[in-house]
Amino acid sequence: MNTDIFMAHESNVRRYGRSFPAVFTKALGATIWDESGKPFIDFLVGSGALNYGHNNPTIMAPAIEYLVGGNILLSLDMYTAAKREFIEVFVDSILKPRGLSYKIQFPGPTGTNANEAALALARKYTGRSSVMAFTNAFHGMSLGSLAVSGSASTRELGGVARHDVIRVPYDGYPNQAFDSASYIDYVLSDSGSGIEKPAAIILETIQAEGGLNTASAAWLTEIQRVCRAHGVLLIVDDIQAGAGRTGEFFSFEFAKIEPDIVCLSKSLSGSGSPFSIVLIRPDMDIWNPGEHSGTFRGNNFAFVTAGAMCKMWSDTQFTAGVERTAVKLQTHLDSLIAKFPKCIEQKRGRGLMAGLKCRSSAAVSRVHDIAFENGLLIESSGPNRDVIKVLPPITITEDELDRGIAILDHALQEQVNGD
């Protein structure tokens, strides 16, 4: 397997090629093959960008038809038939059934583009400059998103100062005994706290890169109450946890909250094609025409695949299948925790966005390598890289899930035996 061309010409910044030293060629569902024909079960899924699996036929069939029809691919923010159909389907299949009403903004195609737009709009709407963000958060690699991320190594990137961010503890940080929502309420109420009222609070309901830390429904409900009591906007970054990853379309549905702004990307297109949107409370849509822009906000191929994905959520058989798969995955992980208590400390996450917090980063690294050797793609998470991130497609077949878990079981056993 020749990888010389990558080492000779690709930047040192590459990461996943080092973690998975293979040249991949084909993929379908939860399985990806390298050029020698070796199959791998994919519990990485493009870091959450392929929730519906590789080349899902329900999603790709209309996209192929669209491509061969000589239709528009790039349209800036002009009106197109594909854009119209996506908006109609998203409203009818996703928003209305959940009792939600949002304006839809199309920023640039990536998650960080969506977060930048959300932060800019919150500051414009409130007239305030600061934003409250959480420990261990990750919101993207552009400067505004870096500023509200929690990792010191991440925030140091870019070489410029990060201003106007108030760092506060996430749910359960530093431990379950500390009530961070009450703390936020207190400091915003106390004129002597030295903490100014922010434009917004931005949060992930599950901190994907932060170690699969998971916010409770009670905490999220209280954060929303605090925001409303103090006139602060609530932004939910649902870029990795949304679009079905937790078993519901939005990761915040279980808490029955209604954020002022929601950011979606990654699996929104359903196909791996770059696509993001910002959902805005209607009265907050105070943008001037062209005030926030982006060349690739008119990705019509993504409109088609995203529309096909959204239609799946109107199929009760599909949603019931996702729910069953989530239960099955959680049952599998509970069994692994019971079997390997010397290696695994606790289970994290929710639904099909799961993690296994291990007792050392060295153990996670070894499990990762053994799993790859035996045909499973997984990655680590957390500030110390001591969490095994388990992200199978939400459409994974029972056989694929069982095979992937069996490989992970073997890797954990080899790690324990090697200690």
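In this chain, residues are counted from 1 in sequence order.
Contact detail for L28 and W33: the closest heavy-atom pair is N-CZ3, 3.7 Å. The heavy-atom pair separating P97 from S93 by the smallest distance is CG-O, 3.5 Å. V89 and C310 make their closest contact through CG1-CB, 3.6 Å (heavy atoms, listed as atom of the first residue, atom of the second, distance). Contact record, S381 with G211: OG-N, 3.2 Å, taken as the closest heavy-atom pair. Contact between I388 and C358 at its shortest, heavy atoms only, is CD1-SG, 3.7 Å.
In this structure, R128 has no side chain to side chain donor-acceptor pair (under 3.5 Å) partners at least two apart in sequence or on a different chain. Every residue was checked against the side chain to side chain donor-acceptor pair (under 3.5 Å) condition with E258, not counting sequence neighbours, and none meets it. A306 meets the side-chain contact (heavy atoms from CB on, under 4.5 Å) test with F86, F275; sequence neighbours excluded. Residues passing the salt bridge (Lys or Arg N to Asp or Glu O under 4.0 Å) test with E253 are R98, sequence neighbours excluded. Remark: F301 engages M60, A63, L67, L73, S271, S273, N299, T305 in a side-chain contact (heavy atoms from CB on, under 4.5 Å) (not counting sequence neighbours). Remark: F134 pairs with Y170, W219 by the ring-ring contact (aromatic ring centres under 6.0 Å, His included) rule, at least two apart or across chains. Remark: E400 engages A30, T31, I41, I396, T397, R403 in a side-chain contact (heavy atoms from CB on, under 4.5 Å) (not counting sequence neighbours). Scored by the ring-ring contact (aromatic ring centres under 6.0 Å, His included) test, H54 finds no partners at all (sequence neighbours excluded). For E398, there are no side chain to side chain donor-acceptor pair (under 3.5 Å) partners at least two apart in sequence or on another chain.
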For residues 371-378, which side-chain N or O atoms pair as donor and acceptor with protein atoms under 3.5 Å away, sequence neighbours left out?
| unit_1 | atom_1 | unit_2 | atom_2 | d |
| --- | --- | --- | --- | --- |
| N374 | ND2 | I370 | O | 2.8 |

Name the atoms and distances for all side-chain donor-acceptor pairs under 3.5 Å in residues 320-329, with sequence neighbours left out.
| unit_1 | atom_1 | unit_2 | atom_2 | d |
| --- | --- | --- | --- | --- |
| T325 | OG1 | G321 | O | 2.9 |

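Between F40 and F24, the gap from one ring centroid to the other is short of 6.0 Å. Separation of the W313 and F318 ring centroids falls under the 6.0 Å cut-off. The aromatic ring centres of F303 and F106 sit less than 6.0 Å apart.
A cation-pi arrangement, defined by a distance under 6.0 Å to the six-membered ring centre and an angle within 45 degrees of its axis, is absent between K96 and F90.
For residues 112-123, the side chain to side chain donor-acceptor pair (under 3.5 Å) pairs, not counting sequence neighbours, are T110-N113, T112-S142, T112-S145, N115-D237, E116-S142.
With respect to the salt-bridge test (charged N to carboxylate O, under 4.0 angstrom), the residues K83 and E88 do not qualify. The pair E35-K26 does not count as a salt bridge, with every side-chain nitrogen at least 4.0 angstrom from each carboxylate oxygen.
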